[in-house]
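Down below is the structure, laid out as structure tokens.
Basis for what follows: all heavy atoms, side chains included, without hydrogens, waters or symmetry-related copies. Sequence lines set the chain letters: A, B, ... in the order given, protein chains first and strands last, and positions in each chain run from 1.
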2 protein chains.
Amino acid sequence: MKYKKRTPVTKITIQDVALAAGVSPATVSKVLNAVPYVSAETESRVRAAMDRLNYRPSSIARSLKIKSTSTLGLITNDLEGVFTMSMMRGVEEVATQQGFSVFLCNSYGEAERERAHLLVLMDKHIDGVILLNGFRVGERPAPALPVGNIPVVYLFQYTHELAVPSIIPDDFGGAVMGTQHLLDCGHRRIGVINGPANYEATHERLKGYRQTLEAAGIPFDPALIRAGKWYESSGYALAHELMSQPNPPDALFCMSDSLAVGAMSALRERRLRVPDDISIVGFDNRAFAAHQTPPLTTVLLPLVEMGRLAGELLLQAIQTGQQTGEIHRVPCQFIQRASTRLTA
Amino acid sequence: MKYKKRTPVTKITIQDVALAAGVSPATVSKVLNAVPYVSAETESRVRAAMDRLNYRPSSIARSLKIKSTSTLGLITNDLEGVFTMSMMRGVEEVATQQGFSVFLCNSYGEAERERAHLLVLMDKHIDGVILLNGFRVGERPAPALPVGNIPVVYLFQYTHELAVPSIIPDDFGGAVMGTQHLLDCGHRRIGVINGPANYEATHERLKGYRQTLEAAGIPFDPALIRAGKWYESSGYALAHELMSQPNPPDALFCMSDSLAVGAMSALRERRLRVPDDISIVGFDNRAFAAHQTPPLTTVLLPLVEMGRLAGELLLQAIQTGQQTGEIHRVPCQFIQRASTRLTA
DNA sequence: ACATCATAGTAAATCGATTTACGGTCATTA
DNA sequence: TAATGACCGTAAATCGATTTACTATGATGT
């Protein structure tokens, strides 16, 4: 049990550096900010003084003057959500590139907390906020900003009501890709295992499936469609349901990888081989999709890319002071693996 | 596509409020900080002016003067780790209570990033840092602070080398609880399915098991011990291994809930009923433990409590300017559910 | 030789709060 | 009546940077 009395650390200021380098604080500030008109000789003297004194500029003082903290806020409904982290990584990537930090806040889905976080963030003078949420149809958009007005972008949720950019995946397009691939493989009876109806994504994806089918001249058969929760257990149960019909599907399009995993275990129980007897396509491209047997063909939800776009749009809004209320649909990406194959 | 030109928002300052209330800025500051010697009448006039103008004090300006940002940094190796979020919740809870915010950073396990985050946090003048990591034996502790010296606490990892408080679970004690419970149930051949040897926890837990056994006069039998990864698949495989021995165990102590779930499915395959034919105890108390059939008896890893303690110790260090290098072992908690029962 | 201009550097104001030291009131006490 | 002291309020310095406006110097062009 050692004790450590922290020394009062007389913070090195720009003044100290100036003194040590024999110049004025203004000059030190210039080299800090790469402002022209300081001679190479002076600059190196200042630089030397800086690291001799181990100087680190106070971003607080800087922020006070220039009115920017170089910090973005990111408030999420569910920090533990399976998609959250990937989007955050995208945001952080572009933020870091431009010298911004990201202040993460978890609202645990409570409007109260979200408001409180927003308030604190604004008091801290962050430059902009990303509101990150899973969206459900009928749910009202996140509350308008409580005070002031700083740039905001909606991520993984959207709104028409605010003049704020929204970023969502192109679920429709993703479903088109998955369906088209199964058609290309030669399948004609493609079953669908979908998620719950209170997610807008489920409707978009079903629409993509349906339109692709119809474009190929194949009639839509409601008997091939099932919906449940997003999880494995639903996939398992619904696959059994679909396959025990008189005229069962020859391919399954599962609207989440979890559903697909559940479905695969049902198929295994029915002694159906994937992809020899039946093809299966997932959605999301979760990490585990690649490690299934067989590795799952799936549609990638462009989470990192969405995060990047959110960061870019926000940074742009901060710099230009303008933002538009557009809805950006980021395209999905088809990932071919081994759970599908050309039929004879 | 609506356009929104953000108005330049002339920030309301303490001056404006002072003017509006007909007092000096100093007086406004006093009511803001609940400093005595301002008359009730004046105070209410100031308060009125504040919310008439919708005033929010600039925490930047405040921080510059008082040299405290009321912000804690929390750097984690793995934001997605299954235990991380619970600990964070604990930290945030006590921080919020005392008016502090928590700045979350993910180092993705890279020392480089950790250092970078640390630097940024210090530049932002946060008041203290929590370093949150899963620890493995032989791994060196997180790097010493790069610059300055602000209070630090280690969470879910420990060090003797720095005069910094560490907080870890009492794995030994947890294992004692689990083992004792199985003994109390009447079991005498208790199998162990452990995690990998490069986690210190596995050794502590095995020690707890062994000492409890020996205290009860039961000899330690190495044939009953298995170790693998922390995951379900290991639990499944190792349970089969243990149960196919000539003299199989009559109870299983799995050192993670995932291992226990895997083990239970192996037991199911062997037509052994839990808890009628064999008892099983998990470790961690993950969310899914309660939803198994039967619900899993387990040992709770006190993550939230650990987070709280980390927050308290850090806040304390910030306030007193002193910290000790103690290692705090937070007790586990035994959670009785239905996967164990008294044997005849 | 003189005006012009590019370059280097500085003094001082500023950002928005907090805090110290001090100046009035007014009631109480000697 | 004068001194004391408890209250209430303010002026001004301060935190650590940035930035504007200005000065000085030397080079260039005519």
Give one of base, sugar-phosphate or nothing for [X], where a contact means two heavy atoms less than 4.0 Å apart.
X     : value
B:T42 : sugar-phosphate
A:V23 : sugar-phosphate
A:V35 : nothing
A:K67 : sugar-phosphate
B:T27 : base
B:S29 : base

Rounded to the Å, how far apart are [X] [atom1] and [N] [atom2]?
X     : N      : atom1 : atom2 : answer
A:Q15 : C:dA12 : CD    : P     : 13 Å
B:R62 : D:dA17 : CZ    : P     : 20 Å
B:I60 : C:dC15 : CD1   : C1'   : 11 Å
A:R56 : D:dG16 : CZ    : P     : 16 Å
B:M50 : C:dA17 : CE    : C1'   : 14 Å
A:D16 : D:dC15 : CG    : C1'   : 13 Å
B:N33 : C:dG16 : CG    : C1'   : 13 Å
B:K30 : D:dT10 : NZ    : P     : 9 Å

(request) Would you indicate, yes or no, if C:dT10 has its OP1 or OP2 atom less than 4.0 angstrom from a side-chain nitrogen or oxygen of A:S24? (result)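 Yes, because at least one side-chain N or O of A:S24 sits under 4.0 Å from OP1 or OP2 of C:dT10.
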(message) So, OP1 or OP2 of C:dG9: does either fall under 4.0 Å of a side-chain N or O from A:S39?
(response) yes
[X] side chain, from C-beta outward: closest of [options]:
X     : options                : answer
B:I66 : D:dG16, C:dT19, C:dT10 : C:dT19
A:A26 : C:dT19, C:dA12, C:dA17 : C:dA12
B:L64 : C:dG9, D:dG9, D:dC15   : D:dC15
A:K65 : D:dA11, C:dC15, C:dT10 : C:dC15
B:Y37 : D:dC8, C:dA17, D:dT18  : D:dC8

(message) Looking only at the side chains, is there a donor atom on one of B:R62 and B:N33 sitting less than 3.5 Å from an acceptor on the other?
(response)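 Yes, B:N33 and B:R62 have a side-chain donor paired with an acceptor closer than 3.5 Å.
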(message) Regarding B:E200 and B:Y158, do their side chains bring together a donor and an acceptor under 3.5 Å, going by distance alone?
(response)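 Indeed, the side chains of B:E200 and B:Y158 share at least one donor-acceptor pair under 3.5 Å.
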Less than 4.0 Å between a side-chain N and a carboxylate O, is that true for [Y] and [X]?
X      : Y      : value
A:R45  : A:E41  : yes
A:R308 : A:E305 : yes
A:R47  : A:E43  : yes

(request) Report the relative orientation of the aromatic rings in A:F103 and B:F103; use parallel for angles under 30°, tilted for 30 to 60°, perpendicular for over 60°. (result)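 Correct class here is tilted.
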